Amino acid sequence: MSQTGIPKTYDPHAVEARWYAEWERRGAFEADPRPDRRPYCIVLPPPNVTGALHMGHALNGAIQDTLVRRARMKGYEALWLPGVDHASIALQNVVERKLVREEGKTRWDLGREEFVERCRVFAEESRSRILGQLKRLGASVDWRRLRYTMDERYIDSVLTAFIRLYEAGLIYRGYRITNWCPRDRSAISDLEVNYEEVDGRLYGLRYTFVDGKGPGPDGNEYAQVFSTRPETMLGDVALVVNPDDERYRELVGRKVLVPFVEREIEVLADPYVDPEFGTGVLKVTPAHDPNDYEIGERHGLEPVNVLNPDGTINENGARFAGMSREEARTAVVEALSEEGLLGEVRPYRHRVGHCDRCGAVIEPWLTEQWWCSMRELAEPAIEALKDGRIRVYPDSWRRETIRWLENLADWNVSRQLWWGHRIPIWYRDGEVVAAKESPGEGFEQDPDVLDTWFSSALWPFATLGWPEETEDLAYFYPTALLSTAREIMYLWVARMIMTGLRFMGDIPFEKVNVHSIVLAADGTKMSKSKGNTIDPLDLFDRYGADAVRFGLLYQSSTQDFAYSYERAELGRSFVTKLWNATRFVLQYPQRGESREASAADRWILSEFTRTARDYDAFLEECEFSEAMRLIYGFAWNQFADWYIEIAKAAPSPATPRVLREVLLGILRLLHPVMPFATEEMAYVLGEQELLVHHPFPEYDSTLEDEEADRLLDRTKRAVSAVRSFRAESGLDGELEGRVPGEVDEAVFTALSGVRPVRSLDGARATLTAGDLVVEISLTEEMRRTEIERLRKEISRVEDEVRRAQGKLSNAKFVERAPAEIVSGERRKLETNTRLLKTLERRIEEYL
RNA sequence: GGGCGAUUAGCUCAGCGGGAGAGCGCUGCCUUCACACGGCAGAGGUCGCUGGUUCGAACCCAGCAUCGCCCACCA
């Protein structure tokens, strides 16, 4: 404790909870349509109600909160709209695992209704935890407007969207090869499959001829193909070779036998086959491979399905029926081997699809699903990205998204899950009706639910009331910005653009900020299984929410970054520094004179307003790291290190006023980033109004003062030169010296400890700092060391002169370099030449 | 197989055409009345490699190396 009665170190814990409650109590984050103000809206990417917030949420929360608080201070009616996502497949997975773990039951043991109820309850609990975490972060969201993808109005939006697309012919039902997850017993979309390299095997499979025409072209009694999934041979309906493959000309049209199932199939010709791969013969299993399905279509082959939804072999698999896919693979290979039908088995590294949610190996499988036709939806989205109506930071992601949209396949929107929005399609005796509720007696609803991203895709307008034409929607849509990690650019962002343009006739947001992914401290991805996750709440406890937020923004860029605790420490030190600056300013009387500002006063105001301008511009361009570096540098290195020191040593009548004004300005600039600590400091300073309601500092050209800037720049250099000299020579105490021209004499004298004298006789040190010279009187004993020092200085300045001369003597440089660069070199040459003469004169005098 | 990005001080990262920067760490001095989560002064980089463009390259271009990440139906 000090005389101010305020602790030296800022303690975030009590302060944070207190201010958040106060902001809420005063409705500081509430926003409603107001015609007299411009709207600014950010919709929070809804966290999944599956668990807790992670570092990505913390970073993105810090980004959004910073932008929305800044907009609020700038006088916008700023709405940050919160919400959570029911996360269909993810939540179902979590609940299913819990069920097995705690009760040893599956979802089928419970039945659909009971299971969905369990999901609902789990979501409820998880959701309240997440909301609490958002408050800890300081998120300035309007809690009155909290939305949930499973609340009644939202469900209505989802069903409306589905039905409209269905009626427009953009949603249709169709048999296709889909990505089937046997563990979830559901189809998933292309985007939910992760391909991983695995070490597998290529098995040689032999099919004996059954047409009695004798051996094949290679003299064998069989045709051989290579497959990574031998168990799928049970569903083979043909073999194919390339029509141009000379080796197999005679093979086309012959019949072979599929072992075990005893099916006779034909060898066909199809250009899809690559003669270079394996034997150049391919087996065709239309029900279990997308390419085979296409080949089957071309040749009018009937697919044979050999799998059950859970991945076991079905009745078409003869004696393998009932086995799991893995067991069947082993068994088929063994059986082939016994019958002499197994060819070469080679190790083979290839990519295998895994379920994004549960990790199970995906089975391409022929099923009937609901599809959303994408081309018509994608076109306007591509346009909006191309013509810049939607800007993306960084721009490279705009181009990536366009590319993705241009190559977009239809979207499988149905899932054979229980937790989610039930598809609003009803059947009765071959009749199919799209309706939110049962169209009448005897209708049965489609059992499937919608892809969770189908509902998320409507987020920016469904949360504002769509399909109703609400005032909110009219006022806040299109929203200002969407901030997200790039992982969900396609999964979510691209789809919001498509649905926004489709249903609202306008883009959903003007800007997209694609932020970094926060990696673990070792530079790898954080994952629970690796145990390298960092819990933001732990960080808040250790460093305070403001420090963590500052650290995250300081490190945020377009590049992924390994989380570094140092950045949180940096933030914490910064908060403490500001806290102590506040304590310092508090010692001054609140009423300051407004007249008689010194050069130093004018200088810090000039620096401040420029900082405010550039800082704001960085935030506008989502350059958070740059913005943090800038404000940190100003507050610490200019305001605290120089101006506060000047205020102590050489104050003017206006200094108390300027100190307070600049400190408050810094607090205002930083409030969006570090809301709690800055609010507390403003409060401690006696500000009546909540900082939340203060105006954001604007650039004021009348504060720019070139003369003061130049004077203080020179003064600071002169002071530093003396300090360096003191450190090197070990000279303490007061010195006598000549004040160089064009420096603030009072400041120079006070901070350097040099007492000004008119003229110096005898030994003296000649210090240089850029273009200025400081002379300090010395004792005779120091003459020797000064000569040494001067020699070094001379050699340094000589190098400078040579460098400039070299450049200027290059005719091409003078001719082709921009005029200001050339004149800049001339100026340097001049000042250094003058400096050199001075130094040489001194050394001559001493020798 | 395509595409994108990275490689800068011991560490984590900025800078992206005109003389190499920050934080942490390190060295020396300073317990001076805002702050030792501090002050002052320092040390420390042939900016991955090889070519090219340019009066001038860490920065632009090409190639190479290493490491990431996306996308793609080769059995």
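The sequence lines fix the lettering, A, B, ..., with proteins before strands; numbering per chain opens at 1. What you are looking at is a predicted structure, and each value in this text was computed from that prediction instead of being measured.
Positionally, the nearest nucleotide of RNA chain B for A/Tyr563 lies more toward the 5' end than for the other of A/Trp404 and A/Tyr563. Between A/Thr9 and A/Phe813, the residue anchored nearer the 5' end of RNA chain B, judged by the nucleotide with its closest heavy atom, is A/Thr9.
Atoms OH and CG, on A/Tyr10 and A/Asn580 in that order, are 13.0 Å from each other to the nearest 0.5 Å. Distance check, rounded to the nearest 0.5 Å: OG of A/Ser227 to CG of A/Asp236 gives 8.0 Å. The NZ atom of A/Lys828 sits 13.0 Å away from atom OG1 of A/Thr833, with the distance rounded to the nearest 0.5 Å.
B/U66 and B/A22 are spaced 34 Å apart, taking the P atom of each and rounding to whole Å. Comparing B/G52 with B/G10, their C1' atoms are spaced 34 Å from each other, to the whole Å. Comparing the same atom, P, in B/C73 and in B/G2 gives a spacing of 16 Å after rounding to whole Å. Look at the P atom in both B/G56 and B/A65: the space between them is 29 Å, to the nearest Å.
Atom-to-atom, OH of A/Tyr565 to C1' of B/C37 comes out at 18 Å; the value is rounded to the nearest Å. Nucleotide B/C29 holds its C1' atom 13 Å from the CZ atom of A/Arg723, rounded to whole Å. Between the NE2 atom of A/His288 and the C1' atom of B/C74 there is a distance of 19 Å, given to the nearest Å. The distance between atom CD of A/Glu487 and atom C1' of B/C70, rounded to the nearest whole Å, is 11 Å. Between the CG atom of A/Leu659 and the P atom of B/A34 there is a distance of 12 Å, rounded to whole Å. Distance CD (A/Glu645) to P (B/C35): 11 Å, rounded to an integer number of Å. Here B/G68 presents its P atom at 15 Å from CD1 of A/Ile517, a figure rounded to the nearest Å. When rounded to the nearest whole Å, the span between CG of A/Asn291 and P of B/A75 equals 9 Å.
A/Asn810 comes within 4.0 angstrom of the backbone, heavy atoms only, and of no base. If you check every strand for non-hydrogen atoms under 4.0 Å, A/Glu825 touches nothing. Within 4.0 Å of A/Trp636, counting heavy atoms only, lie sugar-phosphate atoms of the nucleic acid but no base atom. A/Arg572 comes within 4.0 angstrom of a base, heavy atoms only. Residue contacts shown for A/Ala521 are absent, as no nucleic acid heavy atom lies under 4.0 Å away. Among the atoms of the strands shown, none is found under 4.0 Å from any heavy atom of A/Ser625. A/Pro364 comes within 4.0 angstrom of no nucleic acid atom, judged by non-hydrogen atoms across all strands. Residue-level contact check: A/Ile644 touches the bases, meaning some heavy atom is under 4.0 Å from a base atom. Nucleic acid contact class of A/Tyr543 (heavy atoms, under 4.0 Å, all strands): none. Residue-level contact check: A/Asp641 touches the backbone only, with heavy atoms under 4.0 Å from sugar-phosphate atoms and none from bases. Note on A/Glu800: a base of the nucleic acid sits closer than 4.0 angstrom, heavy atoms only. A/Tyr10 comes within contact range of no nucleotide atom at all, as no heavy-atom separation falls under 4.0 Å.
Using a 4.0 Å cut-off, some side-chain N or O of A/Tyr348 falls inside it from OP1 or OP2 of B/A75. Proximity of A/Ser557 to the phosphate of B/C13: no side-chain N or O atom is located under 4.0 Å from OP1 or OP2. OP1 or OP2 of B/A41 sits under 4.0 Å from a side-chain N or O of A/Ser720. Side-chain N/O atoms of A/Lys8 include one lying less than 4.0 angstrom from OP1 or OP2 on B/A36. In terms of phosphate contacts, A/Ser724 brings a side-chain nitrogen or oxygen within less than 4.0 Å of OP1 or OP2 of B/G42.
Aromatic ring centres of A/Phe550 and A/Phe574: separated by under 6.0 Å.
Taking the side chain as every heavy atom from C-beta outward, A/Met55 and A/Leu552 approach each other to under 4.5 Å.
Contact of A/Lys648 with B/A34 (side chain to base): a donor-acceptor pair of N or O atoms is detected under 3.5 Å.
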Donor-acceptor contacts, no H, no angles, side chain residues 553-563 of chain A, under 3.5 Å, sequence neighbours left out:
unit_1, atom_1, unit_2, atom_2, d
A/Gln555, NE2, A/Ala562, O, 3.0
A/Ser557, OG, A/Gln559, N, 2.9
A/Ser557, OG, A/Gln559, O, 3.3
A/Asp560, OD1, A/Arg486, NH1, 2.9
A/Asp560, OD1, A/Ile517, N, 3.0
A/Asp560, OD2, A/Arg486, NH2, 2.7

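For the pair A/Lys283 and A/Phe226, the cation does not sit on the ring face, since its NZ or CZ is not both under 6.0 Å from the ring centre and inside 45° of the axis. Remark: A/Arg495 qualifies as a cation-pi partner of A/Trp411 under the 6.0 Å distance and 45° angle criteria applied to the six-membered ring.
Each of B/A34, B/G18, B/C69 was ranked by its minimum atom distance to the side chain of A/Arg486; first place goes to B/C69. The side chain of A/Leu570 approaches B/G23 more closely than any other nucleotide in the set B/G23, B/C74, B/A14.
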TODO: Would you mind building the protein contact string for nucleotides 1-8 of chain B? One character per nucleotide, 5' to 3', B for base within reach (heavy atoms under 4.0 Å), S for sugar-phosphate only, - for untouched.
DONE: --SSSS--
- [ ] Before giving the answer on side chain to side chain donor-acceptor pair (under 3.5 Å), spell out for A/Arg789 and A/Thr785 the whole-Å C-alpha distance, their side-chain angles and the decisive distance to 0.1 Å.
- [x] CA-CA 6 Å; A/Arg789 220 184 52 80; A/Thr785 54; over 6 Å; no
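Every salt bridge (charged side-chain N to carboxylate O under 4.0 Å, His left out) that A/Glu661 has, sequence neighbours left out, goes to A/Arg657.
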